[in-house]
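Contents: one structure, followed by commentary.
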Amino acid sequence: MPVLRIKGGTPLRGEIYASGAKNAVLPMTAASVLISGKITLTNCPRITDAETSAEIIKALGGCAEFDKNTLTIDCSGLNLTRIPQRLCEKMRSSITFCGPLLARFGCIGFYEPGGCVLGKRPIDLHIMGFKAMGAEVVEERGKITLKGSLKGAEINLPFPSVGATQSLMAAACLAKGTTVITNPSKEPETLALTDFLNACGGKISFYENRVEIEGVEQLHSAKARVIPDRIEAATYLCAAAATRGKITIRGITLSELGIIGDVLKETSCILTEKENGIFLKAPQQLNSVNEITTAPYPGFPTDLQPQICALLSLAHGKSIVKETVFEARNRHIGELIKTGAEIAEENRSFIISGVDCLKSAGLNAYDLRGGAALVIAALAAKGTSEIHNPHHIFRGYEGLIQKITSLGGNIEIL
Ligand code: EPZ
């Protein structure tokens with residue numbers, strides 16, 4: 001089994017480009033099945049989850065081909081309305097194909113989605129929305145079948161679920177009548193999906209706390225550029241901060257980084273806007289951050305919680321990080337402790353007492369962002385660390401080894 005080997009202790013220096021956002025390209029690819037025509041997505045990250053999305057489209061009878069970072073999709077020839085179980089189980093985002101397929105074909109069979117184990121990760125909000133739009137739901141032996149021609153509905157999400165908002169919004173584009181989703185996800189990736197669907201002829205309007213979708217007869221071909229990946233960029237900024245380095249990340253702005261930039265400044269990092277990029281210079285001594293609580297956008301993103309825990313392990317003083325989105329996004333904590341981090345866990349809060357330095361260790365990646373946190377810790381630690389199960393990390397970080405190497409980091413895959 002492959003292993004990442006990292007020799008830490010070198011400050012990261014230099015310049016990299018932010019890749020296209022994993023959590024934008026996945027719902028855009030899924031929504032493409034609504035359109036019987038050609039879709040061109042540029043700035044696509046070459047990550048395994050994006051490859052899996054293309055595989056799902058091909059398994060359904062469509063075409064999806066990468067040419068470097070451009071993905072060309074054509075779903076005119078779609079002839080299957082069942083997503084193979086092995087593909088459902090490869091990633092959570094397989095669920096966002098269901099709404100579009102149901103809307104286009106009136107029937108879809110699928111299985112419980114896989115992906116990072118961060119807690120139960122039910123799909124009840126997706127199902128609740130499909131039922132509200134008139135779908136009949138049959139669940140037997142793990143297989144779920146949705147049937148029915150969708151009509152506009154009022155859907156109130158008790159939690160602003162990203163996936164449920166995206167799947168229901170896409171499905172509503174072809175429903176008969178108007179759908180209103182209240183308390184929707186406001187993540188930039190959801191807004192990017194809205195822009196993409198509207199470019200395809202959708203009629204979606206986002207308001208303060210609701211999104212209105214007016215159903216249309218059909219959608220048409222379009223070309224769209226995937227927005228930069230704020231979580232990937234922030235991960236490298238944390239790595240630069242943890243190694244006392246200084247880097248520039250091109251292709252993303254401070255405003256796209258949002259609250260993450262404020263937190264990095266609170267640790268005493270210098271963070272400035274450059275033309276078409278962000279520059280970070282780490283302080284000699286990182287400062288702790290009183291309390292960070294993860295929350296739906298515009299709150300602190302849960303997808304950066306593991307990485308900021310790794311960074312704050314080296315910050316002078318005590319920091320508290322509270323995870324409120326997922327009930328079990330904590331498997332990285334035990335691994336960080338192996339590197340000498342001092343972290344106590346109470347319910348879903350992590351109390352981090354900063355240490356002067358981390359030490360190398362044999363580590364296990366259990367999920368995508370937890371694995372990224374271990375890369376940060378290993379780059380900062382003195383000595384050579386090994387990270388097992390790096391496939392989790394390759395799901396969401398394009399060119400991880402090349403990017404870290406170009407910043408002077410010592411990383412190789414064995
Ligand atoms: C998306 O997952 C992202 N994945 C996740 O990123 C991200 O952590 C999450 O949104 C929150 O921002 C993609 O976009 C592909 P949710 P999703 O539905 O849609 C509960 C990464 O590392 N919930 O907003 O699954 C759920 O259990 C990944 O890039 C229900 O209870 O997130 C969780 O506690 C990890 N019922 C909370 O809502 C439902 O039907 C947030 O889930 C759906 C969700």
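Both ligands and their constituent atoms are indexed starting at 1 by order of listing. Computed over heavy atoms, backbone and side chain alike; hydrogens, waters and symmetry mates excluded.
When S94, P122, A164 are checked for heavy-atom proximity to atom 31 (O) of ligand 1, P122 turns out nearest. For the residues L26, V325, T324, V162, the heavy atom positioned nearest atom 24 (O) of ligand 1 is part of V162.
If you check which protein heavy atom lies closest to atom 18 (O) of ligand 1, you get S161 OG, 2.7 Å. With respect to atom 17 (P) of ligand 1, the closest heavy atom belonging to the protein is R121 NH2, 3.8 Å. Protein heavy atom closest to atom 32 (O) of ligand 1, with residue, atom name and distance, is F326 CZ, 4.1 Å. The protein heavy atom nearest to atom 3 (C) of ligand 1 is N23 ND2, 3.7 Å.
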Do E15 and R250 pass the salt bridge (charged side-chain N to carboxylate O under 4.0 Å, His left out) test, and can you show the C-alpha distance, the side-chain angles, and the key distance before you say yes or no?
CA-CA 7 Å; E15 177 173 309; R250 298 274 184 218; 2.9 Å; yes
Set out, in order, the CA-CA distance, both residues' side-chain angles and the distance that settles side-chain contact (heavy atoms from CB on, under 4.5 Å) for F97 and I57, then state yes or no.
CA-CA 9 Å; F97 279 86; I57 287 182; 3.8 Å; yes
Check against salt bridge (charged side-chain N to carboxylate O under 4.0 Å, His left out), R230 and E256
CA-CA 7 Å; R230 60 194 170 107; E256 288 170 312; over 6 Å; no
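Heavy-atom proximity to G163, at under 4.0 Å, picks out these atoms of ligand 1: 18 (O), 19 (O). Those atoms of ligand 1 with a heavy atom of R329 less than 4.0 angstrom away are 8 (O), 22 (O), 35 (C). Annotation for ligand 1: atoms under 4.0 Å from non-hydrogen atoms of F159 are 37 (C), 38 (O), 41 (C). Close approach of ligand 1 to L368 (heavy-atom distance below 4.0 Å) involves ligand atoms 22 (O), 29 (O). Ligand 1 places these atoms under 4.0 Å from at least one heavy atom of R369: 21 (C), 22 (O), 29 (O). Which parts of ligand 1 touch H126 is read off a 4.0 Å heavy-atom cut-off, strictly below it: atoms 40 (O).
Salt bridge R210/E208: absent, no basic N to carboxylate O contact under 4.0 Å. Comment: E335 engages K338 in a salt bridge, judged by a side-chain N to carboxylate O separation of less than 4.0 angstrom. The pair K322-E346 does not count as a salt bridge, with every side-chain nitrogen at least 4.0 angstrom from each carboxylate oxygen.
Proximity of I155 to V180: side-chain heavy atoms (C-beta onward) are nowhere separated by under 4.5 Å. T302 has its side chain within reach of E323: a pair of non-hydrogen atoms, C-beta onward, lies under 4.5 Å apart. Side-chain contact between I35 and C75 is absent, with no heavy atoms from C-beta onward closer than 4.5 Å.
Backbone and side-chain nitrogen or oxygen atoms of K22 are examined, and one is located within less than 3.5 angstrom of a nitrogen or oxygen of ligand 1. Backbone and side-chain nitrogen or oxygen atoms of T302 are examined, and none is located within less than 3.5 angstrom of a nitrogen or oxygen of ligand 1. Here's the thing with E187: none of its N/O atoms is less than 3.5 angstrom from an N/O atom of ligand 1. Between L118 and ligand 1, no N or O atom pair is found at a separation short of 3.5 Å.
Checking atom 39 (C) of ligand 1 against the protein gives a heavy-atom contact under 4.0 Å.
A cation-pi arrangement, defined by a distance under 6.0 Å to the six-membered ring centre and an angle within 45 degrees of its axis, is absent between R82 and F110.
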